[in-house]
Protein chains: 2
Amino acid sequence: MKRYSGQTRMLVAVDCIIFGFDGQELKLLLIKRGFEPEKNKWSLMGGFVQPDESFETAAASVLHQMTGLEGVYMEQLLAFGEPDRDPVERTVSIAYFTLIDINQSKLQLSDNYHAEWISLHELPGLIFDHSHMVEMALEKLRYKAAIHPLLFELLPSKFTIPQLQILYEAVYDVTFDKRNFSRKVLSTGLLVKQKDKDKLSSKRGAFYYKLDKRKYNAKFNAFLNFVTDPGNLK
Amino acid sequence: MKRYSGQTRMLVAVDCIIFGFDGQELKLLLIKRGFEPEKNKWSLMGGFVQPDESFETAAASVLHQMTGLEGVYMEQLLAFGEPDRDPVERTVSIAYFTLIDINQSKLQLSDNYHAEWISLHELPGLIFDHSHMVEMALEKLRYKAAIHPLLFELLPSKFTIPQLQILYEAVYDVTFDKRNFSRKVLSTGLLVKQKDKDKLSSKRGAFYYKLDKRKYNAKFNAFLNFVTDPGNLK
DNA sequence: GCAAAAGTGTTATCACTACACCCATGG
DNA sequence: CCATGGGTGTAGTGATAACACTTTTGC
């Protein structure tokens with residue numbers, strides 16, 4: 001059996017929407033595109049899928065090239081395929097979104113791509129349909145994090161409850177009552193209190209917590225209602 | 001600007017996972033594949049994406065060819081792209097899932113494809129990775145319908161509350177208390193009681209309801225908790 | 001000793017679960 | 001008149017939201 005005849009073949013790429021959190025704001029890792037067309041315009045990091053590569057492998061390799069990281073949280077967002085989304089030739093793109101701890105020691109941004117963390121409130125225009133991809137990724141992040149304990153992927157392995165609250169507030173652009181917030185997150189049973197405190201952001205210091213990995217894996221897919229009806233999510 | 005050089009181009013297809021409900025069971029519309037390889041094996045309906053077609057257009061056209069229907073509920077599930085998923089040559093598939101009213105008058109199954117409605121409990125093995133696609137589609141249907149008023153797409157425009165309950169029970173493979181069920185669905189405010197009754201399934205007859213289209217569109221994306229934590233959904 | 005952030009408890013409301021009986025009708 | 005499925009109400013429980021004061025400590 002040869003090939004399917006009379007059909008058009010297309011380029012297939014992956015693009016990565018990479019979220020990070022610096023303790024205050026939600027950020028996106030963007031690059032300045034290194035080749036024509038749209039050279040030097042802001043862009044998501046991406047790459048063509050190679051003949052023997054799965055999408056996941058391709059996306060992980062893009063992420064690895066750019067950040068040096070492996071094994072981080074990554075999920076397929078959607079396939080984008082408008083016929084004219086890339087003016088050069090028809091290219092379908094499988095978008096992946098990724099959550100990483102912006103301060104982790106292994107993170108080493110490659111110099112090759114002029115990558116920068118950019119606040120979601122200060123996003124420049126992006127090439128092709130990348131702005132649309134970012135919009136969809138943010139929507140999905142908000143949707144999913146309202147129900148699943150997802151945002152921990154953006155924090156270091158030791159974090160305080162006030163830090164966690166700032167993160168949720170940044171993602172949903174709201175404020176929460178800290179008494180209710182801490183009761184809710186502690187009631188999930190996912191957090192283990194540590195003996196030491198973070199003294200950087202207050203004189204008194206705030207206790208560190210770690211995720212209980214067993215429970216985290218077990219409960220990841222349960223509906224946890226981290227945020228109750230934050231607006232009108234999809 | 002010419003084309004990107006040195007990259008491999010691939011076939012791109014769409015496959016449709018088509019759900020229907022016959023009043024008792026959840027069903028899938030499958031065809032017997034009409035060409036090699038795997039000719040005459042059970043398969044999802046699909047087709048190659050044409051050079052000037054978006055994925056949505058391609059999927060809608062596949063559905064139209066097969067059922068005569070237009071404008072039905074359709075949503076991208078995921079892109080599938082393992083290098084060897086199609087033994088003939090590398091083909092990526094964008095899977096769409098669709099909900100249709102199995103009894104609607106416009107539904108006209110094309111003879112060309114030997115299409116049949118098959119109960120989810122009696123699924124045959126499917127070609128390629130289609131069984132995996134079905135699994136993922138069912139998971140997504142359950143996930144989404146637990147939170148959003150999605151399953152109405154499987155019913156005729158006039159339906160009774162007992163019919164709706166049977167549908168939810170079929171999707172989640174559980175039984176609900178009918179008092180609690182009707183209170184919950186009525187409390188959404190999405191249903192408008194009609195004056196006439198369905199007398200087919202009982203002597204007393206059950207009142208028909210219709211969706212309030214305004215509220216349906218407005219509330220579709222709100223979190224409605226149609227089903228409270230049915231197991232451990234993703 | 002004071003400014004700044006951490007930590008904690010109570011009350012009212014609401015949504016959910018479990019559960020049992022009467023109603024309308026066709027045969 | 002009876003069998004079948006339709007329709008409704010209540011009480012107990014658990015989760016949520018609103019709300020204010022005390023603790024710690026670096027300066």
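Throughout, protein chains are lettered first and strands after them, A, B, ... in sequence-line order, and every chain is numbered starting at 1.
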Just say parallel, tilted or perpendicular for the rings of A/Phe176 and A/Phe181, cut-offs at 30° and 60°. parallel
Separation of D/dG5 atom C1' from B/Phe176 atom CZ, nearest Å, is 19 Å
Whole-Å distance, B/Asp198 CG to D/dG6 P, equals 9 Å
>> Please verify the inter-ring angle class for B/Phe152 with B/Tyr216; under 30° counts as parallel, over 60° as perpendicular, anything in between as tilted.
In response: perpendicular
Worksheet item: Does A/Asn225 make a side-chain donor-acceptor contact with the base of D/dA15, cut-off 3.5 Å?
Response: no
Taken to the nearest whole Å, CZ/B/Arg179 to P/C/dA18 is 11 Å
For A/Lys140 and A/Leu77 the tightest heavy-atom approach is CD-CD1, 3.7 Å
Mind listing the N/O atom pairs, protein and nucleotides 12-14 of chain C, below 3.5 Å?
none

To the nearest angstrom, the NZ-C1' distance between B/Lys178 and D/dG5 comes to 7 Å
Short heteroatom pairs, N/O only, protein and nucleotides 25-27 of chain C, under 3.5 Å:
unit_1	atom_1	unit_2	atom_2	d
C/dT25	O3'	B/Lys203	O	3.4

Looking at the base of C/dG7, is there any donor atom on it, or on the side chain of A/Arg183, that sits under 3.5 Å from an acceptor on the other one? no
Those residues at least two apart in sequence (or on a different chain) that pass side chain to side chain contact (heavy atoms under 4.5 Å, CB included) with A/Lys215 are A/Leu190, A/Asp212
Are B/Gln76 and B/Phe97 side-chain neighbours, meaning at least one heavy-atom pair lies under 4.5 Å?
no
From the candidates D/dG7, C/dT8, C/dA20, the one with an atom nearest any side-chain atom of B/Pro162 is D/dG7
Practice item. Inspect the surroundings of CD in B/Glu169 and state if more than 12 heavy atoms from other residues, nucleotides or ligands are less than 6.0 Å away. Key: yes
- prompt: Are A/Phe226 and A/His148 close enough, and set up right, to give a ring pair (Phe, Tyr, Trp, His ring centres under 6.0 Å), and what steps lead you there?
  reply: CA-CA 7 Å; A/Phe226 275 88; A/His148 303 290; 8.8 Å; no
